[in-house]
Engineer: 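Okay, here's the structure, questions in a sec.
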Amino acid sequence: MLLAPRLRIRRGVSPNLDQVKHVGTLAPAVLLGLCLQSSAVLATSAGPNADEPKSPAMSVDPATRSSSLAQIDRHNVNQLEPVFTFRTGRLGAQGSAPLIRGDKLLVLSAFPHTLFAIGLARSNGTLSWQFSPTANRVADGLHCCDRTHLGPVAVGDRIYFSTLDGHVVAVDAEHDTPVWDVAVADPGQGETLASAPTAAAAELIVGNAGDDYGARGWIAALDRATGRTLWKHYSTGPDQDVGISADFKPAGPRDQGSHSWPGTAWQHGGGSVSGWISYDPRLQLVFHDTGPPAPWNPDPRPGDNRWTSGVFARDARTGEARWFVGLHPHALFPWRNGSANLLLDHTWEGAPRALLVHPDADGRLYVIDRQTGKILAADSYISYPRVARRASAEQTPRTNVQVRDVCPAWPGALGGDAALDQTTGRLYLPVSRLCMDLEGRSANYLQGTAFIGANVRVTSSNESDGAVVAWDVISRRAVWSIRERFPVASDVLVTAGGLVFYGTLDGRLKAVDAQSGTPLWQFGTSAPITGQPTTFVGPDGRQYVAVVAGASGPYGLAQQAWIDRRDATAARGLARVIANVGRPRDPSGTLYVFGLP
Amino acid sequence: MSDSRQPGVSDAQLERPELESHLAATWRTPGGLWGVLSTVDHKIIGRRYIVTAFVFLALGGVLALLMRLQLAGSERRVLSADWYNQVFTMHGANMMFLFAVPVMEAMAIYLVPLMVGTRNIAFPRLNAFSYWLYLAGGIMLWTAFALNMAPDVGWFAYVPLSGPQFGAGKRADIWAQMITFTEIAALAVAIEIVVTVLKQRAPGMTLQRIPLFVWSMLVTAFLVILAMPTIMIASTCLILDRLVGTHFFNPSEGGDVLLWQHLFWFFGHPEVYIIFLPAVGMVSSLVATFAGRPVFGYLAMVLALISTGVLAFGLWVHHMFVVGLPRVGESFFTISSMSIAIPAGVQIFCWLATLWDGRLRFRVPLLFVIAFIITFVMGGLTGVMVASVPLDTQVHDTYFVVAHFHYVLIGGAVFPLIGAIYYWFPKMSGRLMSERIGRWVVGLLFVGFNLTFFPMHVLGLLGMPRRIYTYSPEMHWDALNLFSSVSATILAAGFLLFFIDVIRSLRRGPQAPENPWGASTLEWATTSPPPGYNFPRVPVVGSAQPLWDEPESLAVACGLRVDRRELLITSVVSAQPQAREASPRNSIWPFFAALASTLMLIASIFTPWAMVWGSVPVLITLIGWFWPKGDPEDEG
Amino acid sequence: MMRGVGTLVLSLFLVEGCARESRNFRLDPPIAASLDAVAPMPNRIGGAAPETDTVLGQPYLTNAYNLNQGKQLYTWFNCQGCHADGGGATGPAFLSGWWRYGPQAVSVFISIRDGRPEGMPAFGNRLTTEQIWQLTGYVRTIGAYSAQTAAPSRNDAMQSRPSENRAPATVATPSDEWPTAPSR
Amino acid sequence: MANRTLPLTLPIALLCSGCTGWQSVLDPHAIQASRLEQLIWLFVAVCGVVWVTVTVVLVMALLRRKTPYSHTDTRMTRIVRAAVIATVVIITGLAIVSFYATRGLSSSDATALEIRVRGYQWWWEVTYLDARADQVFITANEIHVPVGRTVSLQLAAADVIHSFWVPNLTGKQDLIPGRDNTLSFTPREIGVYRGQCAEFCGLQHAHMALLVVVESAGAFEHWRQGQLAPAATPRGGEQETGKHLFESKACASCHNIQGGTASGTVGPDLTHVASRRYIASGLLETNRGSIAAWVADPQTLKPGNNMPRVALDASELNALSAYLAALQ
């Protein structure tokens, strides 16, 4: 049921619009008529792949989360006001941005998923159709600690989205009917999907999640027409499984994927591909992260635990691995490595280079040459009250030995996916500054149950646990950073209008000046914002900003209603830190659309 | 109280028979239950202590037989694993905490006031309180055993096995609380002994004239005062870890498992010297009497006692040679552990010299001394062996060590103790024990002991670890274990015969004169058994052997009042009379205080709040105890 | 007469005590099999416990050894992965005293043995019946408001919450709603 | 006196049996154990002499005819003083000897075979460490070592305090939670040596044995390769059903068999259980019958241990024991 609260907006130039008394009522939506009176040409937001003709002024590039729209800019952003909201009725959200497709706005709810299409043509946003694939409720138990961006994404004339219980669904946008629904991941093995498929030349590429359940990471390509799996490669195991052939760089001994593990530990070795998979049409390469090895306790998995905790480059057509950068061989700490890589073509030390910008969960920003996989720069983008003393012996987590004040905490230094403004070469990073105490325990693999082998307690510095950092990739320094009370767990959006949008855990959508970082506007929604804010041009030709508020990912886990903060290890140790945020007024996922009056 | 007699009459003004009747009335312990519960007479409480301790010895002995029965053959099912763990823990805890330390202190409670020539022990009401607390601790432990709740973690209760995670139920808490009971009792008695020896000696008994037994009890008392607090801290930390959730011994939250071992053994080794030194004192008394001459090298003996006491605190890590401490540190403890054999050696040589030069009368106590010397020297030498770090890595926690400490404990402490019972039984009960049965007891004990425990040296070298409830047949330990178990019956027969002799002699033993053995110390200067007031008039001592040097005319000091319980306070070094001190009368409050603290301590196993609410009745009883009774202040 | 009654009461209390402390390592196979005969309600919430359990005096809910074994199994079989130390993660919390399928031992037993729809895996063929009963008994001590005397104590591991024998010291205070007007 | 000589001779006869016992301190097969044995014999000799002299002096003191109170204190003082000095000399001598013995024991050898032994309640997990991760493997209760090569054990306790002790090879060393202890020895002769936990660790402390098998370098390498290989594939229908039963029932939650789906780490690794001489840490010799007896009723054989009784009927038990007995 579409509902939009009656909004009483007090005029007044106060940047802080969330004085608005937000009355969530179930009364039929009464919309401020004045916003949508003029009809506008519907802007289709182009799909991610570049070979589609990308209409210049309309889209948000999902690879870099930057938008070329400039109607809303520094000067008028403080007049931004909510146009309508849509309540999905599911607890929490799943982190993807709403997608504009013709005159419809597509929103995917949290698990069990429903794809809502909201028509923007008439004065109020009315639900034109919805589609709910069948859901395997076992996946409810597996929704734990990976940031989920399950879609929808538009490719050609179809809409695709992934589901938590391991399905990829294709929907025909014109006739609003499902085309195919393919199961690629098996929740029984602990495998889930965490990201929407990425469109490559003719394929859809998707990777699994489930490190915490001992699921072995893999990446697969599906045929866009029928959903048939074209190729599938794993993050661990012999070269033939991983897709390593002769022209793999760095050349090394064979089958490192299984020889760098004891016995058959690689079969439950983790290394999930839960983050956004970047695609470079020019080089025909696909870049993706591999998650931390399983279990968290390094004792039962001596050796380099090859191909986990690193960045892979693969050929889009065959999936053959071109190069791999091992950031944390034999990873001592279970940092979630599912953050998006950003492609940047820029001059580097005089010569134009194809760069891959990888903000890593360990708090460093790696700049890698996309063609060769050589690390060009690795600078720390975050400062900690207590620096992580990783190298020293007593800081190495071992069985029955507790290591204290390890920073960053297991969710990693990056709270969400960064945004890259390709013109200025500036990266806007949503940062989480939490630390943790970690104690290794003996890990016992039981299929379908959590395979952690560690007790963890996340500790907060109780002045500011989060930040948004503007980082100049070329000059390798932080331009500005804003301190946030709580970890910033949302993705970031940068617009040509010189604005940076991000959301906070206590539900505020904020806009700041991309140049100087001064806060310009914020709005208090009813649930924590852990998703991707987006902007689009409505049918009336006016620019709107939209975000789905609702808890998801590791911080969302700690927001569940039943979490009891008297147990310091509840919600993987996050319970006490997130408890300071307080309970959201309305935990269900809600779409907010803002526009200029 | 002193109704018929005029107040302020001193013992100088009365003749002997009239004096004795007055003193008897003043120092009288009423009969019936009230008298039993409220007595403060060190002789009654001392006798009670000794009897209770020997009852616990008997019970502990039965447990030992049960263990030997289970270990007589491989894979026997006499006792299940759980029961065997409870039995061997009870055997250890009962023998160490409920028999050995209390019986030695009980002998001191009875004998020290008599040997230093005073009327009652210092702080007699504290003495009563300590007995009731000790009895309550013993009853609690044995009731728990009857209820299948006995501790099953060893008498040393190493963490983490006795800790919160692996010590299921309330068993380890019972152990920790039993420690609290017995250690408060031991501390109380130690303080009384120190004050009695230093301040209430007969005039003229300078430091050089104190009997060697009293010296050994003084050193033991100081050992108790310095060692017991450590185990009380350790058991309190354990019970806090288990019931309140502190992390003293939790390695992952900053605690340390070895902290427990250091705390326990810092008390543990002085504990075994607390048991051994009184026995040394008894041997000195027995040797002097039955060799007919003072012990050779009095000064050497006293210095040996004191150096043993001091060194006892410096060698506890020899119990922890295999826990992985740095080797150099351990070697230091090798040297300190071996060097404690030197004062022990001095004492042995002095006794041998005394025996060499004395006119020996082969009565039963002397036979026990001979058995003691042979057995203890072997135990001491195996002690030197286990003091060496490398050697200890092979024999630690094996039956070699079981043999070693039984040699030094049974050989070194129980033999002299039983000899001392034969020696002082006439004084305590007024009846002589039978020589004939005594000789059988010595023979059975000596033979039984050696046949039972010598093979254990071999078993240890054969690789048999301690505290195993059974062993596999292919280990070839069956023969030696069976031999040891069978010989244990001889040892048990010896103890049984001893108990029979005690009970028989109580009723039908011949009447004992004042000084049946012709000994030289003051306790033989009064009747057997001594009256409530011990001495009609406090004796004055002229030499180290008062009864030998002036057998008939023992000088006495006068001036103590008759109508009020008074005793003489003398200076520490030269024992010059300083003041007449009022000695407290019978009082029921120590019994009530013990009862209240027992309820508090037992309830605190079940809820930590019991410490809060339980302390209210304890406070009330203590107030009742110390409420001024209106006695006039003591005159100078 | 009074002393007779006194000793009778005392012995009753003591006998109950020793039942709490007894160590029964081996159940006869037929009894162990009968412990699986739980009669659940149609909606698989609540139901009748097996008769042998009541005849044996509910050993798995009151015996100290069983509760401690239950705590050990809780850490061995990955319960902490989803339920943490009782505070909950993907799985519900036991500390808060809110039981989605009711607090009866039978419901907890069925949840462990047959699993539940929203992601609780079935341990029926991964644990023996006795182990499942031990886990059931232990899980119910986590959220107990007044601790049993036989309740287990803390683990020699990272401190997460007051141990079961301390009972939850503080009743969970609901976190405050977000202030509509954020304090500056 | 007669009844005293008989009991004395019997123990001496039994004493000699000490030299050939299976787990005897006086039957060394490694450099460290032989040094300790020599040290033990030295101490026994010295202490024996001291004990005999004291007893002889005692007996002479008891039996000699004495003139009454013959004022020989001065002579006796000299003898006593001499005796004390002799004691001091003996004590210092023994202390110095044991100090040098300690130094001789500790040997730091870079080429030592690194093995981590982790003590669990009532069994030993043995992990052969190696720089190359895929050469690392886990076994239980049995340690194979090549003769002549120093072995360095890293001792870690998983729950309570245990103590690793193989008397024929070297002295014991405790496994303490929260501490990393090491123990090294150099075996000299090929053979099978038994050891046992020497620190009280709970209900089944008595049945926590382990074997150290010293073999030639070639045999050791053959054994090592065997342990690295995944589990033998079941041959024949009975073993097939056994494998299926193992993986579908509660066994898979605790035990790991490399190559199957069972990968629990709570109990010992059973990938090559049949290659071990004993099961249940030294309780039963390994054969199909003993495996069946152990699986049918572990609580009767080793009461209180953490292996539950999995309900199996006769045919299932046969199939399971066939499968396990084939895991060489």
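Worth knowing before you read on, the calculation uses all heavy atoms, side chains too, and leaves out hydrogens, waters and symmetry mates. Within every chain, numbering begins at 1; the chains are lettered A, B, ... in the order of the sequence lines, protein sequences first and strands thereafter.
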Engineer: Just by modelled atom types, is the B/V322 backbone N or O under 3.5 Å from a matching donor or acceptor in the D/K172 side chain?
Structural biologist: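 Between the backbone of B/V322 and the side chain of D/K172 there is no qualifying donor-acceptor contact (under 3.5 Å).
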
Engineer: Please examine the side chains of B/V323 and D/Q173, heavy atoms only from C-beta on, and report whether any two atoms are closer than 4.5 Å.
Structural biologist: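 A side-chain contact is absent here, since even the closest heavy-atom pair is not under 4.5 Å.
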
Engineer: Does D/M76 reach the side chain of B/W356, with side-chain heavy atoms less than 4.5 Å apart?
Structural biologist: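 Yes, at least one pair of side-chain atoms sits under 4.5 Å.
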
Engineer: Check the surroundings of atom CZ in B/F362: do more than 12 heavy atoms from other residues, nucleotides or ligands lie under 6.0 Å from it?
Structural biologist: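 Count over threshold, so yes.
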
Engineer: Would you mind checking which part of D/R194 comes under 4.5 Å of any heavy atom in chain B, side chain (CB onward), backbone (N, CA, C, O), both or neither?
Structural biologist: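 For D/R194, the contact with chain B is made by the side chain alone.
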
Engineer: Got a donor-acceptor contact below 3.5 angstrom from the D/D174 side chain to the B/G324 backbone?
Structural biologist: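 A pair under 3.5 Å: no.
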
Engineer: Using every non-hydrogen atom in the two residues, find where B/P160 and D/V160 come nearest and quote the distance to one decimal.
Structural biologist: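 Result for this residue pair: CG-CA, 3.8 Å.
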
Engineer: Can you measure from SG (D/C201) to CZ (B/F166) and round to the nearest 0.5 angstrom?
Structural biologist: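 If I round to the nearest 0.5 Å, the distance is 11.0 Å.
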
Engineer: Could you report the tightest heavy-atom contact between D/T87 and B/F349, atom names first, then the distance?
Structural biologist: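 Heavy-atom minimum between the residues: OG1-CE1, 3.2 Å.
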
Engineer: Using heavy-atom distances under 4.5 Å, tell me whether D/L283 contacts chain B through its side chain, its backbone, both, or neither.
Structural biologist: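 It is the side chain, since no backbone atom gets that close.
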
Engineer: With the side chain counted from C-beta on, respond yes when B/M338 and D/L94 share a heavy-atom pair under 4.5 Å apart, and no when they do not.
Structural biologist: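 SC-SC contact between B/M338 and D/L94 confirmed.
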
Engineer: Are side-chain heavy atoms of D/P303 and B/Y469 found at a separation under 4.5 Å?
Structural biologist: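 They are in contact (side-chain heavy atoms under 4.5 Å apart), so the answer is yes.
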
Engineer: Any heavy-atom pair between the side chains of D/L39 and B/Q394 that's under 4.5 Å?
Structural biologist: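 Result no, sub-4.5 Å side-chain heavy-atom pair not found.
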
Engineer: Passes salt bridge (charged side-chain N to carboxylate O under 4.0 Å, His left out), B/R466 versus D/E199? Steps please.
Structural biologist: CA-CA 8 Å; B/R466 285 174 70 172; D/E199 180 57 65; over 6 Å; no

Engineer: Does some side-chain heavy atom of B/D397 sit less than 4.5 Å from a side-chain heavy atom of D/F200?
Structural biologist: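 The answer is no; the side chains never approach within 4.5 Å.
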
Engineer: Are B/T393 and D/L36 packed together at the side-chain level, in the sense that at least one heavy-atom pair is separated by less than 4.5 angstrom?
Structural biologist: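 B/T393 reaches D/L36 side chain to side chain.
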
Engineer: Any side-chain heavy atom of D/Q121 within less than 4.5 Å of one from B/L161?
Structural biologist: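 A side-chain contact exists here, since the closest heavy-atom pair is under 4.5 Å.
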
Engineer: D/A33, D/P177, D/G178: which one forms the most heavy-atom pairs within less than 4.5 Å of chain B?
Structural biologist: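 Winner by heavy-atom pair count: D/P177.
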
Engineer: What residues of residues 203-212 of chain D sit under 4.5 Å from chain B when only non-hydrogen atoms are counted?
Structural biologist: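 D/L203, D/Q204, D/H205, D/A206, D/H207 fall under the 4.5 Å cut-off.
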
Engineer: Distance-only check: which donor-acceptor pairs under 3.5 Å involve side-chain atoms of residues 373-391 of chain B, not counting sequence neighbours?
Structural biologist:
unit_1 : atom_1 : unit_2 : atom_2 : d
B/T375 : OG1    : B/A371 : O      : 2.5
B/T382 : OG1    : B/M378 : O      : 3.2
B/T382 : OG1    : B/G379 : O      : 2.7
B/T382 : OG1    : B/H404 : ND1    : 3.1
B/S388 : OG     : B/L391 : N      : 3.4

